[in-house]
Amino acid sequence: GQKINIPSSEEETVVDQEDTSTLKGSQVGLMSKPQAKPTVEDTKMAGVTLPKNSTDDSLENALAIAASIKNANPEDIFNKVIEPVAYHESDGTMDPTLAQYGGGPGRGVMQYEPARFKSSVIRARRQFKALSKDVPEWIDNIDLSKDIPSQVTSLSADQQMALAVYDMLQHKDIDIGKVLSGKETIEDVWA
């Protein structure tokens, strides 16, 4: 319910304290460096390839869980939902240590701000509880009482994107299935 006035903006924007990574659809992403909305085609044209760390299967597991819940293809979830957001939020770098331009609080490939990161971790833990599965050690070891920016950047790009998958699965206003079916765009969902 907090109001934030942004001098360079023509309109006053009310930001939900839980979801502070974006203000409105036209300002998605690195807020001090607004960009055009990302599309799946943008990420394909850029030829983004993620380095595969054979010991880090966090994203693969998250996509498999989401695919099972949504009766979808894990690659579609990555290509149509996660990659366009990560590509855009990281300004095409896919750098898990990226700090928000202009000194803002956003960090990593998803440009997690503290409140959103905390919500994402809580939702990830809730997702595993709902599935009656043990929370992966890498999620369980995230200490939300410590410095959040350093907690974000200590995670791999795959882990940051995996948290986004779990966050979306548990978020009351996001339906990955609608993005996959074309009923909603990822830009509108993320905004």
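The OG atom of S120 lies 6.0 Å from the CG atom of L163; values are rounded to the nearest 0.5 Å. Between atom CG of residue L63 and atom OG of residue S68 there is a gap of 12.5 Å, rounded to the nearest 0.5 Å. From E113, atom CD reaches atom OG of S119 across 11.5 Å, with rounding to the nearest 0.5 Å.
Between the side chain of N79 and the backbone N or O of E75, at least one donor-acceptor pair lies under 3.5 Å. Distance alone, capped at 3.5 Å, is enough to place a donor-acceptor pair between the T153 side chain and the P149 backbone. With Q151 contributing its side chain and I142 its backbone, the two residues share no donor-acceptor pair below 3.5 Å. Between the Y112 side chain and the A164 main chain, a donor and an acceptor come within less than 3.5 Å of each other. A donor-acceptor pair under 3.5 Å is absent between the side-chain atoms of Q159 and the main chain of S58, judged by distance alone. In terms of modelled atom types and a separation under 3.5 Å, the side chain of D188 and the main chain of E184 share no donor-acceptor contact. Judged by distance alone, with hydrogens and angles left aside, the side-chain atoms of E83 form no donor-acceptor pair with the main-chain N or O of K80 at under 3.5 Å. No donor-acceptor pair closer than 3.5 Å links the side chain of E89 to the backbone N or O of A86.
Residues passing the side-chain contact (heavy atoms from CB on, under 4.5 Å) test with A66, sequence neighbours excluded: I77, V165, L169. With sequence neighbours left out, T97 forms a side-chain hydrogen bond (donor to acceptor under 3.5 Å, both in side chains) with D95. In terms of the salt bridge (Lys or Arg N to Asp or Glu O under 4.0 Å) criterion, residue partners of D175 (sequence neighbours excluded) are, by chain and number, K70. Residues passing the side-chain contact (heavy atoms from CB on, under 4.5 Å) test with K183 are K178, S181, sequence neighbours excluded.
Considering all non-hydrogen atoms of both residues, I139 and A124 come closest at CD1-CB, 4.0 Å. Pairing each heavy atom of Q160 with each of L155, the nearest pair is NE2-O, 3.1 Å. Counting all heavy atoms, side chain and backbone alike, R107 lies closest to Q100 at NH1-N, 3.7 Å. Heavy-atom minimum distance, D76 versus L180: O-CD2, 3.6 Å.
No side-chain heavy atom of H88 sits less than 4.5 Å from a side-chain heavy atom of P84. Looking at heavy atoms from C-beta onward, I82 lies out of side-chain contact with Y87 at the 4.5 angstrom threshold. With a 4.5 Å cut-off on side-chain heavy atoms, L144 and I122 count as touching. When side chains are defined from C-beta on, S156 does not count as touching P96, because their heavy atoms never get closer than 4.5 Å. Here the side chains of L98 and V109 are not in contact, with every heavy-atom distance at 4.5 Å or above. Side-chain contact check for M110 versus V152: every heavy-atom pair is 4.5 Å or farther apart.
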Residues M161, D158; criterion side chain to side chain contact (heavy atoms under 4.5 Å, CB included); working and verdict: CA-CA 5 Å; M161 289 185 283; D158 280 4; 3.8 Å; yes
Applying side chain to side chain contact (heavy atoms under 4.5 Å, CB included), run through W190 and T185 and close with a yes or a no. CA-CA 9 Å; W190 193 244; T185 67; over 6 Å; no
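Residues in residues 124-133 take part in these side-chain hydrogen bond (donor to acceptor under 3.5 Å, both in side chains) pairs, two or more places apart or across chains: Q127-Q170. Within the structure, salt bridge (charged side-chain N to carboxylate O under 4.0 Å, His left out) pairs that include any residue of residues 139-148 do not occur (at least two apart or interchain). The ring pair (Phe, Tyr, Trp, His ring centres under 6.0 Å) contacts involving residues 119-163 comprise F128-Y166, where partners must be two or more places apart or lie in separate chains.
A 6.0 Å sphere centred on CG of N71 holds no more than 12 heavy atoms belonging to other residues, nucleotides or ligands.
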